[in-house]
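This one's a predicted model, so the numbers in the text were calculated from it and none came from an experiment. Side chains are part of it too, since the values below use all heavy atoms of this structure and drop only hydrogens, waters and symmetry mates.
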Amino acid sequence: MLSVHYIQKGHLYPKPSAGFHIAEFLRRINHSLSLTLSHFYPLAGRLVTSNSPHDDGSYVVSIDCANSPGARLIHAAADLTISDVLSPTYVPVAVQSFFDHDRAINHDGHTMSLVTIQVTELIDGVFVGCSFNHAVGDGASFWNFLTALSETYRGKTPISRPPVNNRWFPEGCNQIIPLPADQIPSRYESPKLLERFFHFSAESIGKIKSKANYQSGTTKISSFQSLSALVWRGITRARNFPAEKITGCRLATNNRGRMDPPLHPDYFGNSINPMRTSAAVGELLRNDLGWAAWRLHEAVVGHSDEKIKGFVSAWLESPVVYRMEQVFDTDSVMMGSSPRFDKYGIEFGLGKAVALRSGYANKFSGKVTGYPGRDGGGSVDLEICLPPATMAALESDEEFMSCVS
């Protein structure tokens with residue numbers, strides 16, 4: 001994960017018309033961050049690289065929690081309104097400035113903070129953005145950290161879900177894992193993309209799920225598998241690939257509950273795999289929504305303890321530093337994050353956020369990020385990243401747009 005960008009997600013809150021003082025807000029955020037880091041202490045450290053015990057040029061990357069300057073808190077201001085952020089069809093580039101560590105990769109955690117909270121004061125709003133080193137933790141760890149920060153800010157102690165910081169290793173595995181000398185982190189620059197949020201009401205999600213299950217003659221396909229199939233088909237049509245080309249759909253899958261014995265749900269670290277299924281473009285589009293959804297369902301069901309541990313064993317046999325262009329090909333769709341996390345439950349005394357937004361990090365053609373809809377009830381917002389021409393084609397796709405609320 002050393003070549004992957006930091007996770008960058010944040011909340012946009014309305015600024016109270018009276019009684020709000022940014023200095024007091026920052027003081028409380030700073031105090032809450034200190035308390036929260038006493039639980040999530042790896043985030044207060046820095047990455048360090050040392051020579052491995054083997055005399056072969058290999059190296060070991062670890063976290064030094066004792067000799068580090070700690071996490072970072074930033075106060076910034078932008079001459080923008082909430083409407084300036086939310087009204088445009090496409091996410092304004094200015095949103096990227098709401099996050100620290102722009103374009104940083106996780107390897108930069110040797111000199112940069114492993115977590116930063118940036119408070120950006122708008123004319124009529126406050127944006128609280130979090131940049132979080134993805135080599136230290138995954139999405140589940142990220143949202144658990146932000147939830148704990150919100151709880152400490154609101155005086156809720158002890159926090160509801162303390163992280164489990166004990167490391168998991170396969171049985172018999174040496175806990176010092178050297179990386180080969182030729183595995184050097186690399187940087188990734190996103191191509192020119194448009195980012196747009198598409199809202200799916202709970203009613204629309206229900207119809208998509210019912211249709212997928214009916215067409216497949218089952219009741220087992222989940223709402224998110226059905227929605228992912230809709231997106232996979234829509235983006236593939238928009239790309240206008242030849243029929244014989246292979247396209248895939250990846251779902252970022254939490255491994256914790258799939259392992260035997262299972263990891264604790266609050267295990268702090270990375271325990272995910274981008275589970276993938278694929279098909280020829282002609283096959284995907286010739287068949288119906290239910291066919292695609294069933295392919296995704298089968299892949300999810302087959303993501304077992306045996307497969308997870310097999311993946312880990314293969315990596316341990318030949319450790320690599322993953323590169324974005326190798327892991328996420330631009331012929332596929334990547335469904336990241338999850339609308340199941342209670343993201344709108346994260347509050348800092350300003351009421352419920354009016355919107356969630358992300359930074360520059362980890363964007364490429366076909367990247368889709370899932371959020372719960374602000375109105376709740378099973379509604380979903382999808383942030384889709386595509387080149388301009390492909391986005392225009394998706395916006396004209398009848399099957400896809402007929403489901404957008």
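- Ser337 and Lys9 share no side-chain donor-acceptor pair at under 3.5 Å.
- Figure legend: cation-pi geometry between Lys245 and Phe241, with NZ or CZ positioned under 6.0 Å from the six-membered ring centre and within 45° of its axis.
- A side-chain N or O of Ser358 and one of Glu383 form a donor-acceptor pair less than 3.5 Å apart.
- Sorted pairs that involve residues 167-182 and meet salt bridge (Lys or Arg N to Asp or Glu O under 4.0 Å), not counting sequence neighbours, are lacking altogether.
- Under the 4.5 Å side-chain criterion, counting only non-hydrogen atoms from C-beta, Arg276 is in contact with Asp329.
- The closest donor-acceptor contact from the side chain of Ser68 to the backbone of Gly70 lies at 3.5 Å or more, if one exists at all.
- Taking the six-membered ring wherever Trp is involved, the centroid distance between the rings of Phe99 and Tyr360 does not fall below 6.0 Å.
- Here the shortest heavy-atom pairing between Ala135 and Leu2 reads CB-CD2, 4.4 Å.
- There is no side-chain donor-acceptor pair under 3.5 Å between His199 and Ser379.
- Using the six-membered ring where Trp is involved, His110 and His107 have ring planes that are tilted, between 30° and 60° apart.
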### Query
Between Glu195 and Lys363, is a salt bridge (Lys or Arg N to Asp or Glu O under 4.0 Å) present by the stated rule, with each step listed?
CA-CA 9 Å; Glu195 303 169 30; Lys363 301 284 178 65; 3.0 Å; yes
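- Between Asn362 and Tyr6, the closest side-chain pair of non-hydrogen atoms is not below 4.5 Å.
- No side-chain heavy atom of Leu194 sits less than 4.5 Å from a side-chain heavy atom of Cys385.
- One finds a salt bridge joining Asp397 and Arg237 here, because a Lys/Arg side-chain nitrogen approaches an Asp/Glu carboxylate oxygen to under 4.0 Å.
- Judged purely by distance below 3.5 Å, without hydrogens or angles, the side chains of Glu298 and Thr277 never pair a donor atom with an acceptor atom.
- Between Phe98 and Phe127, the angle of the ring planes lies from 30° to 60°, which puts this pair in the tilted group.
- Within the 4.5 Å cutoff, the side chain of Arg161 has no heavy atoms near those of the Thr147 side chain.
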### Task
Go through the steps to decide whether Arg187 and Asp108 satisfy the test salt bridge (Lys or Arg N to Asp or Glu O under 4.0 Å), and finish with yes or no.
CA-CA 10 Å; Arg187 297 189 181 275; Asp108 293 329; 2.6 Å; yes
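- Between Arg258 and His303 there is a side-chain heavy-atom pair separated by less than 4.5 Å.
- Side-chain rings of Phe341 and Tyr371 stay apart, their centers remaining 6.0 Å or farther from each other.
- For Ile205 against Leu227, the heavy-atom pair with the smallest separation is CD1-CD2, 3.8 Å.
- In this structure, Tyr153 and Phe25 have tilted ring planes: the angle between them lies in the 30° to 60° band.
- Contact of the Phe145 side chain with the Leu37 side chain is registered, since non-hydrogen atoms from C-beta on lie closer than 4.5 Å.
- In this structure, Trp232 contributes its side chain and Val333 its backbone to no donor-acceptor pair below 3.5 Å.
- By the neighbour-count criterion of 12 heavy atoms within 6.0 Å, atom CZ of Arg340 is sparsely surrounded, having that number or fewer from other residues, nucleotides or ligands.
- Checking side-chain atoms of Ser396 against main-chain N and O of Ala392 turns up a donor-acceptor pair under 3.5 Å.
- Phe132 and Phe268 have perpendicular rings, their planes meeting at more than 60° on a 0 to 90° scale where under 30° would count as parallel.
- Judged purely by distance below 3.5 Å, without hydrogens or angles, the side chains of Ser365 and Arg239 pair a donor atom with an acceptor atom.
- Between Ala212 and Ser226, the shortest heavy-atom contact is CB-OG, 3.6 Å.
- The existence of a salt bridge linking Lys343 and Asp381 is excluded, since no basic side-chain nitrogen approaches an acidic carboxylate oxygen closer than 4.0 Å.
- Here the side chain of Ser405 pairs a donor or acceptor atom with the backbone of Ser201 at under 3.5 angstrom.
- Side chain to side chain, Thr120 and Gln118 meet the donor-acceptor criterion of an N or O pair below 3.5 Å.
- Of the possible donor and acceptor atoms, one in the side chain of Thr152 sits under 3.5 Å from a partner among the backbone N and O of Leu149.
- Looking at Asn165, its side chain does come within 3.5 Å of a backbone N or O of His39 through a donor-acceptor pair.
- His101 places no side-chain N or O within 3.5 Å of a backbone atom of Gly109 that could act as its donor or acceptor partner.
- Between Met335 and Val231, the closest side-chain pair of non-hydrogen atoms falls below 4.5 Å.
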### Query
Step by step, would you call Ser150 with Arg154 a side-chain hydrogen bond (donor to acceptor under 3.5 Å, both in side chains)?
CA-CA 6 Å; Ser150 168; Arg154 291 179 285 124; 3.1 Å; yes
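- Of the possible donor and acceptor atoms, one in the side chain of Ser204 sits under 3.5 Å from a partner among the backbone N and O of Cys403.
- Judged by distance alone, the side chains of Thr81 and Asp84 do bring a donor and an acceptor atom under 3.5 Å apart.
- Contact annotation: the side chain of Phe400 approaches that of Phe198 to within less than 4.5 Å [non-hydrogen atoms, C-beta and beyond].
- A cation-pi arrangement is not found for Lys15 relative to Phe20, the charged atom failing to lie both closer than 6.0 Å to the ring centre and inside a 45° cone about the ring normal.
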